[in-house]
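Everything on this sheet refers to the single structure shown next.
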Number of protein chains: 2
Amino acid sequence: MAQEMPGDTTQPPAEESPFGQTKYDDLWGRPGYLVRRLHQIHMGLFAEACDGLDLTAVQYAVLSVLYSGEAFDQLSLSKAVGIDRTSGADVIKRLVRRGLATREPSIEDRRARVVRITEAGRTFVRDVRPQMEAAQDKLVSPLSEEEHDIFMQLLRKMIEANNGHSRAPMK
Amino acid sequence: MAQEMPGDTTQPPAEESPFGQTKYDDLWGRPGYLVRRLHQIHMGLFAEACDGLDLTAVQYAVLSVLYSGEAFDQLSLSKAVGIDRTSGADVIKRLVRRGLATREPSIEDRRARVVRITEAGRTFVRDVRPQMEAAQDKLVSPLSEEEHDIFMQLLRKMIEANNGHSRAPMK
DNA sequence: GAAAAATAGGGAGCGTACTGCATAAATTTT
DNA sequence: AAAATTTATGCAGTACGCTCCCTATTTTTC
């Protein structure tokens with residue numbers, strides 16, 4: 001539970017830095033590092049909110065995409081959620097195991113497996129939605145409404161511009 | 001790509017959202033979701049920049065903390081980098097295996113293992129630093145300098161406020 | 001000083017995110 | 001129509017982030 005604050009002995013004084021310059025010397029000055037930390041925090045918040053439900057944010061995202069009832073092959077589903085195809089297959093496997101989704105061979109394309117949400121899955125999504133929202137709310141709770149909007153805007157700007165550099169680009 | 005399955009008439013087209021409201025309906029409206037995507041993108045950018053070096057952002061973060069030469073026990077080191085103790089032990093194990101760090105039993109506390117960077121590790125940090133910076137730069141390249149500052153400020157605000165939630169709490 | 005609590009670490013195991021290689025089925029080219 | 005290419009998936013393996021359970025040491029408390 002113990003957490004570290006910025007200046008917390010983690011970083012050496014300036015002269016110890018690899019090049020003696022200022023940019024990105026401190027972990028807390030590295031955007032990628034802070035994004036990783038915030039991602040971990042969100043996962044923690046989500047797990048906390050869904051205490052005992054044994055559900056992850058990614059699993060909920062997959063179920064969210066499936067919620068409409070539309071059928072997806074595994075690759076399209078993974079892309080829609082923005083995860084790697086192999087990760088997606090794993091997530092789907094777990095959802096199927098819990099009876100929240102089905103995965104059956106496609107009739108039109110014999111390579112593909114068709115994934116659909118079950119009624120139990122739809123019910124589950126509805127039941128858990130408040131917890132998902134609580135985790136989101138808590139994550140951004142330190143921000144004003146205006147800051148929240150700016151934050152989302154900046155996130156989207158970075159994601160859209162760099163979309164191709166992730167193994168799992170969206171759409 | 002998403003297949004239109006013929007017998008797919010089980011779900012009503014309109015009002016597919018669990019509660020029919022607007023907040024967080026779309027994946028792109030969920031901050032936690034976007035943060036996960038951006039995290040993935042940064043990992044991809046980092047791997048791209050460090051092509052062939054077989055180095056991850058987390059490994060570089062650990063080496064960054066060790067760079068000053070200060071000795072850390074595994075738990076302190078993990079906390080300084082903001083990762084779980086078991087994850088930290090794994091990362092350290094890999095760094096030791098590559099000769100970038102050492103891990104020896106502590107003399108003062110026989111429970112602890114003392115981790116230090118090696119000279120090879122320090123050299124490696126210096127050599128790879130430009131690639132790390134390139135990944136950071138590319139991640140935030142869509143932002144103006146002002147937006148960059150705002151983004152970092154908002155990230156830090158959220159992280160500091162939610163600091164205790166990065167791991168599931170002990171019950 | 002002995003018992004109780006806290007701390008550092010190991011090991012097993014799960015979930016996500018990826019790389020590589022392989023295979024089968026579909027599509028495109030020739 | 002045959003060959004080449006693309007596509008959808010699977011499996012094995014790596015990395016990280018976590019949980020739970022366990023042992024071995026401090027450190028605290030009585």
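Proteins come first, then strands; the chains are lettered A, B, ... in the order of their sequence lines, and each starts at number 1. As a basis for the values below, the full set of heavy atoms in this structure was taken, side chains included, without hydrogen atoms, waters or symmetry mates. Since we're looking at a predicted model, the values are computed, not measured.
Minimum interatomic distance between A/Val115 and A/Arg103 (heavy atoms only, all atoms of both residues): CG2-CG, 4.0 Å.
Nearest-nucleotide positions on DNA chain D place B/Ser87 closer to the 5' end than the other of B/Arg110 and B/Ser87.
Residue A/Leu95 contributes atom CG, which lies 12 Å from atom C1' of C/dG15 at whole-angstrom precision. Across the protein-nucleic acid pair, A/Asp90 atom CG and D/dA15 atom C1' stand 14 Å apart, rounded to whole Å. A/Asp84 has its CG atom 9 Å from the P atom of C/dA17, to the nearest Å. For A/Phe46 and D/dT19, the CZ to P distance is 15 Å, given to the nearest whole Å. If you take CD of A/Glu108 and C1' of D/dA8, they are 14 Å apart, rounded to a whole angstrom.
Phosphate proximity of D/dA15 to B/Gln59: absent, as no side-chain N or O sits under 4.0 Å from OP1 or OP2. OP1 or OP2 of C/dT16 sits under 4.0 Å from a side-chain N or O of A/Thr56. Side-chain N/O atoms of A/Arg97 include one lying less than 4.0 angstrom from OP1 or OP2 on C/dG15.
Without hydrogens or angle criteria, A/Gln40 side chain to B/Gly82 main chain gives a donor-acceptor distance under 3.5 Å. In this structure, the side chain of B/Ser106 does not engage the main chain of B/Arg113 through any donor-acceptor pair within 3.5 Å.
In this structure, B/Arg30 is not positioned above the aromatic face of A/Tyr60 in the sense of NZ or CZ being under 6.0 Å from the six-membered ring centre and within 45° of the axis.
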B/S/- along nucleotides 2-11 of chain C (protein heavy atoms under 4.0 Å) is ----BBSBBB
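Looking at heavy atoms from C-beta onward, A/Val91 lies out of side-chain contact with A/Gln74 at the 4.5 angstrom threshold.
Under a hydrophobic-cluster definition in which Ile, Leu, Val, Met, Phe, Trp and Tyr are linked whenever side-chain heavy atoms come within less than 4.5 Å, directly or via other members, B/Val128 and B/Leu63 are assigned to the same cluster.
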